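The basis for the numbers below is simple: all heavy atoms, side chains too, and nothing from hydrogens, waters or symmetry mates. In listed order, ligands and their atoms are each counted from 1. This is a predicted model, so every value here is computed, not measured.
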Amino acid sequence: MSSKSIISIDMGGTKVLGSIINSKEGIISRVKVPTDQNSSDSAYIDSLANVVKAVIKESGYNAKKIVAVTLGIAGSVNPNTGVISLAPNLGLKNFNVKEALQAKVSFPVLIENDVNLAALGIKNFGVGKKATNMLSVFVGTGIGGGLILNKKIYRGSTFTAGEIGHVLVNKDGPVCGCGNRGCFEAFASRTAVVNQIIADIKSGKQSTLESYVKSGEKIKSKILAAAVNDGDTVAIKRVGESCEVIGSVLASLTNFINFDMIVLGGGMFEQLKDFMLPKIEITFNDYVLNAAAKDLDIATSELGGDAALWGGISLTEEFLGIKV
Ligand SMILES: [Zn+2]
């Protein structure tokens, strides 16, 4: 039994996932609490404090063994100060979540971007253990990236490094959520693929996904994967095109940074990895410089949605010097 643990929390747009975790036993306990997207900052902090209480209560874990609370946030955050400068999905802006939550709980609070935390989790507890320079890419609603350089997370000058989803693919491409045209995620995320499929169906192409378009039901990754596995030609074509874009962007970034590992994950990729990975690799090999890919592995993250929770352990060691 490890003598210490942390409470690692993943703050999603619709739910907060809380866990007690340490490096030896892994996830000891977890709770999931829905979040009210229209709540005030103080109500949001109250709900986080309740997650901390709930995860301790449900596990019966000795609170004295907990050394920190870590928060993974989808947005731009400064882990040194604890300020969220912008988290659009959570409705938070210029808010010091670290100070606000620390006033409510008796543990030090640490924060980090959720994708950076996932990269740290993969690097230290997942397939990335041996990697020195690693890129992790999560293909789902959008496309997120985390960068490990010389075995450490690379945050950039103003904590925005790793925004791979907004790397430009084609300046005349579709409009992206960020306001620009032709970003990587505007071509290759699940959202982009589904939008293309919907347009195909509306223009008269036959697809097993037609009923979803008619009823307006959301086409999630699982449904998309089922259509591909059923041989749906529209879905296969559009997911295949997404793989070509992913492969070419990964090759381009490998030519620039010279990684020794790329780890792929995210909702859409995890559901479709048997279909997507070989296709991504073909385009990747077409565009990468041989010398840049000499020692490179392309791997699949096996930590799934828990990668960011594991990353909290690394954050605790980095900022508090405590191994848990
Ligand atoms: Zn963009």
Side-chain angles (χ1 to χ4, degrees), residues 11-14 37 72-78 83-94 112-119 134-149 153-200 218-221 224 238-257 259 262-270 272 276 280 283-284 287 301 307-308:
M11 295 162 64
T14 54
Q37 278 172 288
I73 295 152
S76 20
V77 308
N78 180 337
V83 173
I84 299 175
S85 48
L86 187 64
N89 296 335
L90 305 173
L92 298 171
K93 205 177 173 181
N94 298 324
E112 176 58 285
N113 170 271
D114 57 350
V115 182
N116 282 353
L117 271 186
M134 183 188 98
L135 173 67
S136 50
V137 181
F138 304 92
V139 185
T141 313
I143 301 182
L147 209 48
I148 301 284
L149 297 180
I153 190 80
Y154 178 74
R155 298 186 169 96
S157 308
T158 56
F159 308 99
T160 72
E163 286 287 2
I164 192 174
H166 305 286
V167 164
L168 184 69
V169 171
N170 178 345
K171 68 179 173 48
D172 301 317
V175 175
C176 178
C178 73
N180 287 342
R181 261 183 193 281
C183 293
F184 182 26
E185 71 177 34
F187 279 101
S189 65
R190 189 199 71 218
T191 312
V193 169
V194 166
N195 284 343
Q196 290 157 359
I197 290 172
I198 291 172
D200 287 343
K218 211 172 162 189
I219 301 172
K220 293 186 173 175
S221 297
L224 190 58
R238 293 308 189 180
V239 175
E241 286 169 354
S242 141
C243 295
E244 286 176 14
V245 176
I246 294 169
S248 61
V249 168
L250 296 184
S252 180
L253 292 175
T254 301
N255 292 345
F256 181 51
I257 301 277
F259 303 108
I262 294 174
V263 182
L264 291 161
M268 171 167 146
F269 179 78
E270 276 165 29
L272 278 155
M276 289 179 74
I280 290 170
T283 317
F284 179 83
Y287 289 98
S301 168

Would you list the atom pairs, donor with acceptor, under 3.5 Å between side chains in residues 165-181 and any protein atom, with sequence neighbours excluded?
| from | atom 1 | to | atom 2 | distance (Å) |
| --- | --- | --- | --- | --- |
| N170 | OD1 | D172 | N | 2.9 |
| R181 | NH1 | G173 | O | 3.0 |

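- Counting only heavy atoms from C-beta outward, the side chains of F184 and V245 approach each other to under 4.5 Å.
- The tally of protein N/O/S atoms under 2.8 Å from the Zn ion (ligand 1) stands at 4.
- Of the possible donor and acceptor atoms, one in the side chain of S85 sits under 3.5 Å from a partner among the backbone N and O of S76.
- Contact check for V137 versus L250: side-chain heavy atoms found under the 4.5 Å cut-off.
- The line from CG of N195 to CZ of R238 is 11.0 Å long, rounded to the nearest 0.5 Å.
- Going from atom CD of E112 over to atom CG of N78 covers 9.5 Å, rounded to the nearest 0.5 Å.
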